[in-house]
Amino acid sequence: MLISYQIRAARAALDWTASKLADKAGVGLRTVMRIEAEDGVPQTTTGTLIKIQSALEAAGIEFIGSPDDAPGIRIHRRKD
């Protein structure tokens, strides 16, 4: 399970705009903005989080930890 901080950090590490993440994940820009504005585990559907996680992982992001234990990211490679 991702937390909002991990999504913001991953997007920043990739130098992606919120619009680019929304496009790559196939979700709405407002959805990305709402999720990133929250603290902790976002209040959204599991399907939406999976789409966002998959898009970021495809670009080389690895999500580490858990919401309660050292959540973070690792960067493996950069793709557009």
Side-chain angles (χ1 to χ4, degrees):
M1 185 68 63
L2 301 179
I3 63 170
S4 296
Y5 172 80
Q6 288 173 294
I7 296 168
R8 291 190 303 267
R11 187 168 64 76
L14 294 169
D15 197 26
W16 283 7
T17 63
S19 179
K20 184 168 185 172
L21 174 56
D23 182 57
K24 295 278 189 181
V27 300
L29 175 58
R30 286 185 180 203
T31 299
V32 171
M33 293 172 65
R34 179 180 47 79
I35 286 170
E36 289 189 350
E38 297 180 27
D39 288 326
V41 177
Q43 297 295 314
T44 191
T45 65
T46 302
T48 297
L49 280 181
I50 289 170
K51 288 178 181 181
I52 290 171
Q53 181 173 352
S54 295
L56 293 167
E57 287 175 342
I61 299 296
E62 177 186 357
F63 294 98
I64 58 174
S66 69
D68 299 322
D69 184 23
I73 66 167
R74 284 192 187 113
I75 306 164
H76 290 283
R77 65 187 181 286
R78 293 182 74 166
K79 290 184 184 177
D80 281 334

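Heavy-atom neighbours of R74 CZ from other residues, nucleotides or ligands within 6.0 Å: at or below the threshold of 12.
One hydrophobic cluster, built from ILVMFWY side chains closer than 4.5 Å, cannot hold both I50 and I61; they sit in different ones. Hydrophobic clustering, with ILVMFWY side chains joined whenever heavy atoms are under 4.5 angstrom apart, groups M1 together with V27. Grouping the Ile, Leu, Val, Met, Phe, Trp and Tyr side chains by contacts below 4.5 angstrom, directly or via other members, places I64 apart from I3. Side-chain heavy atoms closer than 4.5 Å link hydrophobic residues (I, L, V, M, F, W, Y) into clusters, and following such links, possibly through other members, connects I75 to I7.
L21 is listed as a side-chain neighbour of E36, based on a closest heavy-atom distance under 4.5 Å.
Remark: E62 CD to Q53 CD distance equals 10.5 Å, nearest 0.5 Å. Once rounded to the nearest 0.5 Å, the distance linking OG of S54 with NZ of K24 reads 13.5 Å.
Checked against S4 for a side-chain contact (heavy atoms from CB on, under 4.5 Å), the options T44, I35, D39, V41 give a single hit: I35.
Across every non-hydrogen atom of K20 and T17, the tightest pair is N-OG1, 2.9 Å.
No donor-acceptor pair under 3.5 Å is formed between the side chain of R34 and the backbone N or O of P42.
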